[in-house]
Amino acid sequence: MTDKKQSEYGINTKAIRTGHMRTPENEHSEAIFPTSSFVFDNAAQAAARFKGDEPGNIYSRFTNPTVRTFEERLAAMEKGERCIATSSGMSAILCTILGLLKQGDHIVSSRSIFGTTVNMFGNIFPKYGIETSFVNMTDYTAWESAITKQTRILFLETPSNPLTTIADIKKLAAIAHQHDALLIVDNCFCTPALQLPIDLGADIVIHSATKYLDGQGRCLGGAIIGPDKLLAEDIYGLLRSGGASMSPFNAWVFLKGLETLSIRMKAHCENTGKIAEWLDMQDFVEKVYYPGLVNHEQHDLSCQQQRGHGGIVSFVVKGGQEKAWQIIDNTDIFSITANLGDTKSTITHPATTTHNKLSDEQKLEAGILPGLVRLSVGLEDVEDLINDLEQAHSNS
Ligand SMILES: *Cc1c(COP(=O)(O)O)cnc(C)c1O
């Protein structure tokens, strides 16, 4: 496909066709290149490649054809100029922050982000002189007042985990750009099938490919998408030397995941919407958090900003932790695991797992109540999932 034609294609055509360069074998499905290094025609070519005078593969820590196909495909889907694949979602965040920032720089971040990211921002980066201020993600005045002369990055996830709070990406991009800062969005929950942060003004998109991009819970991986200028030197340079590269096998699994991403996300949204509506009618449930429900605080924003309301729903049961644990233990179909974005539905007790490091006070402030249960709704028959939740409640 020519570049011009490519950018005009819809997301499904890109997801299935972009980035595939056939080998002389004329394979129909993308080949995997499980090789650590590449050979040169002669010594002069080796010298030219190492010098950077001639493009081409040298070593898979730098470039690999399967990884490149994944990168080109995901960049096209996210409408970014370039994508850099990484060994995990966390290494995507590590390479982005350490690549772009230096000692003395400052980050303003939503408080409601992945626990390990909170740990990186709050405990690890300060060792290298990079400080972070955390703010309430929907308090735009707080975002603005936390910005200092040293602020280089605004960072968030939307919808948030586990309460599915939604922040206005356009508004935050405007705030960031007024202060010469970059807006980085971790688009893990929505994926490009449901939300395009770059179209809304974000500078960089981060992915944990481990979640919906794989979609079947097999591989760890991550990605950074954004302007070539930002990614090329500082971030790619760090990755290439630091070695957080994606393995060709994982890249191949994610490529296959991308091909079905849109239809999977649509099915995740449909199942989750039905479960959220059912939960909302149950007496044992105190509150349901799902952007697709009209009683969700940012339902209208979700309708504007996203093409679907996502596959995560959380709910608070009456009876606190005891009842929440009973329901979790009594389910037959749901897997008890903290992972998400899988075809298999999962059930989690955030207060004692993903958010266990918060103090009781911080949990209360963040809405992580003892009775809160999070579901990542998979692609099983939704009637079976609802019946399973019903019997898990009745038997507890
Ligand atoms: C899982 C996750 C990450 C980290 O990704 P890994 O692939 O586990 O390193 C980052 N952000 C979000 C929102 C996640 O859910």
Side-chain angles (χ1 to χ4, degrees), residues 67 70 74 78 83-98 107 109-122 124-125 132 134 137 153 155-167 169 183-195 197 202 204-225 239 242-247 249-251 253-254 257-258 261 265 268 289 291 306 310-314 335 337-342 344 346 348 350 353-357 366 368 374-378:
V67 175
F70 167 76
L74 186 57
E78 284 283 1
C83 167
I84 296 174
T86 59
S87 56
S88 69
M90 288 321 301
S91 63
I93 294 173
L94 179 76
C95 292
T96 303
I97 302 299
L98 291 189
I107 301 168
S109 172
S110 157
R111 204 186 301 283
S112 310
I113 54 172
F114 189 59
T116 314
T117 315
V118 174
N119 185 41
M120 294 282 278
F121 285 4
I124 297 179
F125 292 146
T132 298
F134 291 100
M137 67 189 279
I153 283 171
F155 187 98
L156 84 151
E157 283 166 26
T158 176
S160 73
N161 178 17
L163 298 183
T164 69
T165 306
I166 293 176
I169 296 176
L183 180 67
I184 302 187
V185 178
D186 181 333
N187 201 23
C188 173
F189 271 39
C190 274
T191 82
L194 303 185
Q195 173 169 279
I204 291 180
V205 167
I206 298 280
H207 270 289
S208 167
T210 316
K211 314 292 166 55
Y212 289 106
L213 303 192
D214 175 334
Q216 296 177 54
R218 297 162 293 193
C219 290
L220 280 178
I224 308 156
I225 302 104
L239 174 106
S245 323
M246 179 180 280
S247 94
F249 177 79
N250 289 9
V253 171
F254 297 137
L258 289 181
L261 182 66
M265 292 312 291
H268 280 294
Y289 295 92
Q306 301 177 197
I312 308 293
V313 57
S314 293
S335 314
T337 170
N339 198 29
L340 60 90
D342 200 309
K344 297 182 172 69
T346 70
T348 313
T353 59
T354 52
H355 291 68
N356 79 318
K357 290 215 173 63
I368 313 296
R374 187 198 73 190
L375 304 179
S376 165
V377 178

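This structure is a prediction, so every number in the text was calculated from the model and none was measured. Every number for a ligand or one of its atoms is a count from 1 in the order of the listing.
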Checklist outcome for this item: Tested for side-chain contact (heavy atoms from CB on, under 4.5 Å) against I166, the lone hit among S160, C190, P159 is P159
Checklist outcome for this item: From the list I153, V205, L156, side-chain contact (heavy atoms from CB on, under 4.5 Å) partner of L183 resolves to L156
Checklist entry - G221 heavy atoms, cut-off 4.0 Å: which ligand 1 atoms fall inside? => result 7 (O)
Tell me the protein heavy atom at minimum distance from [atom], and give that distance in Å.
atom                    : result
atom 11 (N) of ligand 1 : D186 OD2, 2.6 Å
atom 7 (O) of ligand 1  : T210 OG1, 2.6 Å
atom 2 (C) of ligand 1  : K211 NZ, 2.5 Å
atom 9 (O) of ligand 1  : M90 N, 2.9 Å
atom 6 (P) of ligand 1  : G89 N, 3.4 Å
atom 5 (O) of ligand 1  : S208 OG, 3.0 Å
atom 4 (C) of ligand 1  : F114 CE2, 3.4 Å

Next on the checklist: Using only atom types and a distance under 3.5 Å, with no angle test, would you say the side chain of H355 pairs donor to acceptor with the backbone of G115?
Outcome noted: no
Item to check | T210 (side chain) donor-acceptor with G221 (main chain) under 3.5 angstrom | outcome: yes
Checklist entry - What are the two closest non-hydrogen atoms of F134 and R111, and how far apart are they? => result O-NH2, 3.6 Å
Checklist entry - Out of curiosity, is A92 lining ligand 1, as in a heavy atom under 4.0 Å away? => result no
Item to check | N/O separation below 3.5 Å, L340 to ligand 1 | outcome: no
Item to check | Gap separating the CD1 atom of I206 from the CZ atom of F114, nearest 0.5 angstrom | outcome: 13.0 Å
Next on the checklist: Is there a side-chain contact between T354 and P162 in this structure, where contact means two heavy atoms from C-beta onward sitting under 4.5 Å apart?
Outcome noted: no
